[in-house]
*Asks:* 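Handing you a structure now.
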Amino acid sequence: MNGRVRVILGVTLLVGALAVPTTSQAGPVQRWTLTAPARSDGPEAVVRMAGGRLTMEIKHNGKTVLEPSALGVETAHRDFTQGLRYTGMSQRFVRETYSTTAGRRRQHVSEAAETTLRFAGINVVVRVSADGVAYRYVFDTPNWVTVVREASEFAVPRTADSFLLPYDNGRGDYESIHVHRTVADQDPVEYGYPALFRVDDTWLVLMESDLDGSYGGSRVRLANGRFQLVLPDPTETAKASLATPWRTILVGDLATVVESDLVTDLARPSKIADTSWIRPGRATWSWWGPGTGNLALQKRYVDYAASQGWEYNLVDAGWSADWIPELVSYARQRGVGIWLWVRWQTIDTDSERERLLRQYSDWGAVGLKIDFVESDGQDRMRWYDAVYAAAAKYRLMLNFHGAPIPRGVERTWPNVMTVEAVRGGEGTRPRPGREPFPIEHYLTLPFTRNLTGSMDFTPVTFSGVRPNSDAAELALSVVYESGVQHLADRVEVYATQPFAEQLLRTVPAAWDETRLVAGEPGKLAVLARKSGADWYVGAITAGDPGRVAVPLDFLPDGTWKAELYADGADGKITFGAHAVTKGETLTVPTARNGGFAIRLTR
């Protein structure tokens, strides 16, 4: 048996055995201790049933990092939060290899120990891997199921440090600023995923995976010191054999949770057999300066993208069908693909999707930016399912704005290249009275929002209203992962930053490997990312000038050229090149709220 399960019935310890079914609510306590396969340093999930009710506790390095938390679901026909009758269990070892078109890495290996605990009418499926714990409910009935609520809760210790995103129920777009406090000091309101916690030396990230139109996207509400799962609709109805999304908790040190693929590991396999037409890349975007404008303006942005070797140009709201076909042809001749903005209501029905997506594809557009989605509800999730499939049919890549977070979708539908779901660069475009984001916002996102999937922050806006240095702004092209990286400033501004242009001509939008070199949420983020044979490092800091050490132990043996883009004395970006080897440490001075980027080549 891969992994191990210990089942405790009363005071009798049975190793690797099955629990004896309990028929009375007043019966003995049953306990299942679940661990990752062949790992002694991973998390441990302890599921208990007492009095017909279930709880889960998570331990790491011998310490409780999630206190016993309720499990269960209430449906219209039966309450599965109490009176449960255990009927048996089964286990299997899960090992999958899969690829994605973008993300922290493109080749993935997933290993987990999966345990199915069976109760009359419902199963609780728990997976434990080296980087976390996940569970879902599967209904054992041939009938339709209407879920009224989930009892699922997450009892993070009240003394834990937390970085939480207040959920805007009116907009549903995840564009708030994270609040950093202990759990005890957080407000009793609703929060969106991912939610980040530190319990002593262990980090937890609360997430969700494998969501489709059979359910709505959940969030959590802090009440009585516990985070209670909240559904977006009064009921959730689906056909027989309904499986809820995975309730997902990353567990480990900071590097483990930042580098984790658990959210895609839990998602369903790709529904697109041929992904050769799906290509990550960098894009120009005229919205920042002159707006969508006209054909002449868009040709100028296409020309700039072509001159820099960028793959795409995004045409935002206001484009005209009169000139888009000519623009697409002009761009194609220069090796640049065209993305088109649409409002979600424009493609709200099957007939609209069939007519318009076919038209966009016939024009030669490569992708769509779909805006103002603003809902986690089940109806909108069904809309998503239809859009994913229709876009794949017509070979269109997708970018969602004003939208809920991705939840592993890039594995199931690899034509989804990025999602906004963040207070990003758009909010720094100059206007009267605009204040910069708190610098901590930039330093929290690598440890929260970007962990649940590609993030369309639209970075590298030198002319924006911002608190960071130019070099730190440039470093965002590495620190923030997005399958299509929309570099949002005006092309005239980039032309005044030759060193930035030099890096941006080479920096990719998809990665083969990601390592956390150093980090502390809200204060420091240093990430190393590999593409082909090259490595890139992005570093951003908060606070006073200082020095950041970058150990190069992630490099293979040999001599490497380190191209360093750093803070200069005059606030401008400086450039230098050094020969380095594995095992060395580069120490780089930084300005206030500064940073740097490094390209490492043989």
Side-chain angles (χ1 to χ4, degrees), residues 36 43 45 56 58 66 71 73 94-100 102-105 108-116 123-138 147 150 152 154 165 174 191-196 204-220 227 229-232 236 238 242-252 256-271 376 378 380-381 384-385 388 400 403-414 416 418-419 421 448-455 481:
M56 175 184 283
I58 296 178
L66 184 73
L71 304 179
V73 178
V94 178
R95 189 181 194 278
E96 297 177 321
T97 60
Y98 64 95
S99 61
T100 53
R104 285 178 288 277
R105 61 188 55 81
H108 309 258
V109 178
S110 169
E111 293 187 347
E114 180 180 284
T115 303
T116 299
N123 299 330
V124 180
V125 184
V126 184
R127 281 194 188 180
V128 184
S129 58
D131 52 351
V133 176
Y135 67 88
R136 74 190 321 173
Y137 308 105
V138 180
V147 176
E150 285 193 32
S152 309
F154 307 93
L165 183 76
Y174 295 82
Y191 297 98
Y193 303 128
L196 174 68
L204 307 179
V205 183
L206 181 59
M207 308 168 75
E208 183 174 53
S209 180
D210 200 28
L211 173 66
D212 66 8
S214 65
Y215 222 72
S218 70
R219 48 192 179 267
V220 292
F227 293 92
L229 189 137
V230 177
L231 297 174
E236 305 287 335
L242 169 66
T244 69
W246 290 98
R247 310 302 170 211
T248 306
I249 308 104
L250 305 184
V251 182
T256 296
V257 301
V258 169
E259 298 168 17
S260 172
D261 290 328
L262 189 56
V263 72
T264 50
D265 291 348
L266 295 165
R268 271 162 286 191
S270 174
K271 296 188 178 186
D376 279 307
Q378 185 180 5
R380 199 61 49 82
M381 296 303 119
Y384 268 113
D385 287 348
Y388 297 149
F400 295 96
I405 55 170
R407 294 165 163 97
V409 67
E410 60 265 39
R411 178 182 181 187
T412 310
W413 293 103
V416 178
T418 191
V419 178
T448 52
R449 164 62 184 87
N450 220 175
L451 300 189
T452 194
S454 288
M455 177 179 73
E481 181 273 314

*Asks:* Would you find a donor on one side and an acceptor on the other, under 3.5 Å apart, between the side chain of T248 and the backbone of W246?
*Replies:* yes
*Asks:* To the nearest 0.5 Å, what is the distance between CG on D212 and OH on Y388?
*Replies:* 9.5 Å
*Asks:* May I have the step-by-step check of side-chain contact (heavy atoms from CB on, under 4.5 Å) for V230 and V220, ending in yes or no?
*Replies:* CA-CA 5 Å; V230 177; V220 292; 5.9 Å; no
*Asks:* Is the shortest heavy-atom distance from the side chain of Y137 to the side chain of L71 under 4.5 Å?
*Replies:* yes
*Asks:* Would you name the heavy atoms of P232 and G217 that are closest together and state the gap between them?
*Replies:* CD-O, 3.2 Å
*Asks:* Counting only N and O atoms by type, is there a donor-acceptor contact under 3.5 Å from the side chain of D385 to the main-chain atoms of G213?
*Replies:* yes
*Asks:* Do L451 and V263 touch side chain to side chain, with heavy atoms closer than 4.5 Å?
*Replies:* no
*Asks:* Would you check, one step at a time, whether the test side-chain contact (heavy atoms from CB on, under 4.5 Å) holds for T244 with E150?
*Replies:* CA-CA 10 Å; T244 69; E150 285 193 32; 4.2 Å; yes
*Asks:* Could you report the tightest heavy-atom contact between P43 and A130, atom names first, then the distance?
*Replies:*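 Residues P43 and A130, closest heavy atoms: CD-O, 3.6 Å.
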*Asks:* Has the side chain of T412 got a donor or acceptor atom that lies under 3.5 Å from a matching backbone atom of R268?
*Replies:* yes
*Asks:* If you take all heavy atoms of V133 and A45, which pair is closest and at what distance?
*Replies:*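 Closest pair (atom of V133, atom of A45, distance): CG1-CB, 4.0 Å.
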*Asks:* Rounded to the nearest 0.5 Å, how far apart are CD of E481 and CG of N450?
*Replies:*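 Rounded to the nearest 0.5 Å, the CD-CG separation comes to 5.5 Å.
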*Asks:* Going by the rule side chain to side chain contact (heavy atoms under 4.5 Å, CB included), which residues pair with S129 if we only count those two or more places apart in sequence or in a different chain?
*Replies:*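 By the side chain to side chain contact (heavy atoms under 4.5 Å, CB included) rule, S129 matches A112, D131, L262.
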*Asks:* Considering only heavy atoms from C-beta outward, does the side chain of I58 approach that of V251 to under 4.5 Å?
*Replies:*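 I58 vs V251: side chains touch.
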*Asks:* Decide yes or no for P269 and R411: does some side-chain heavy atom of the first lie under 4.5 Å from some side-chain heavy atom of the second?
*Replies:* yes
*Asks:* List the atom of E410, the atom of P406, and the distance in Å for their closest heavy-atom pair.
*Replies:* OE1-CB, 4.3 Å
*Asks:* Within this structure, what is the OG1-CG distance for the pair T256 and L250, rounded to the nearest 0.5 Å?
*Replies:* 9.5 Å
*Asks:* Can you check whether G408's main-chain N or O pairs, donor with acceptor, with S209's side chain at less than 3.5 Å?
*Replies:* no
*Asks:* Looking at every heavy atom in both P404 and M381, which two are closest together, and how far apart are they?
*Replies:*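 Between these two residues, the closest heavy atoms are CG-CE, 4.2 Å.
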*Asks:* Between D210 and R136, is there a side-chain N and carboxylate O pair less than 4.0 Å apart?
*Replies:*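 The answer is yes: the pair qualifies as a salt bridge.
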*Asks:* Just checking, is any N or O donor in the side chain of E96 or S110 under 3.5 Å from an acceptor N or O on the other one?
*Replies:*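 The answer is no; no qualifying pair exists.
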*Asks:* Tell me every residue that passes side chain to side chain contact (heavy atoms under 4.5 Å, CB included) with E208, counting only those two or more places apart in sequence or in another chain.
*Replies:*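 In terms of side chain to side chain contact (heavy atoms under 4.5 Å, CB included), with neighbours along the sequence ignored, E208 is linked to Y193, L211, S218, P245, R247, R407.
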*Asks:* Indicate the atoms forming the closest heavy-atom contact of L266 with A134, along with that distance.
*Replies:*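 Distance-wise, the nearest heavy atoms are CD1-CB, 3.5 Å.
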*Asks:* Pair Y384, W413 - check side-chain contact (heavy atoms from CB on, under 4.5 Å), show working.
*Replies:* CA-CA 11 Å; Y384 268 113; W413 293 103; over 6 Å; no
*Asks:* State, yes or no, whether a side-chain contact exists between V147 and L242 at a heavy-atom distance under 4.5 Å.
*Replies:*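 V147 reaches L242 side chain to side chain.
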*Asks:* Scan side-chain atoms only and decide if S99 and H108 contain a donor-acceptor pair under the 3.5 Å cut-off.
*Replies:*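 Checked: S99/H108 side chains show no N/O donor-acceptor pair below 3.5 Å.
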*Asks:* Using only heavy-atom distances, determine whether the side chains of T264 and Y98 contain a donor-acceptor pair under 3.5 Å.
*Replies:* yes
*Asks:* Please determine if D265 and R127 form a salt bridge, counting it only when a charged side-chain N lies under 4.0 Å from a carboxylate O.
*Replies:*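 Salt bridge between D265 and R127, a charged N being under 4.0 Å from a carboxylate O: no.
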*Asks:* Please assess L231 against Y215 for the test side-chain contact (heavy atoms from CB on, under 4.5 Å), listing each intermediate value before the final yes or no.
*Replies:* CA-CA 9 Å; L231 297 174; Y215 222 72; 3.6 Å; yes
*Asks:* List for me each residue that meets side chain to side chain contact (heavy atoms under 4.5 Å, CB included) alongside A421, sequence neighbours excluded, and say none if there are none.
*Replies:*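 Listed in chain order: Y174, I405, V419, R449.
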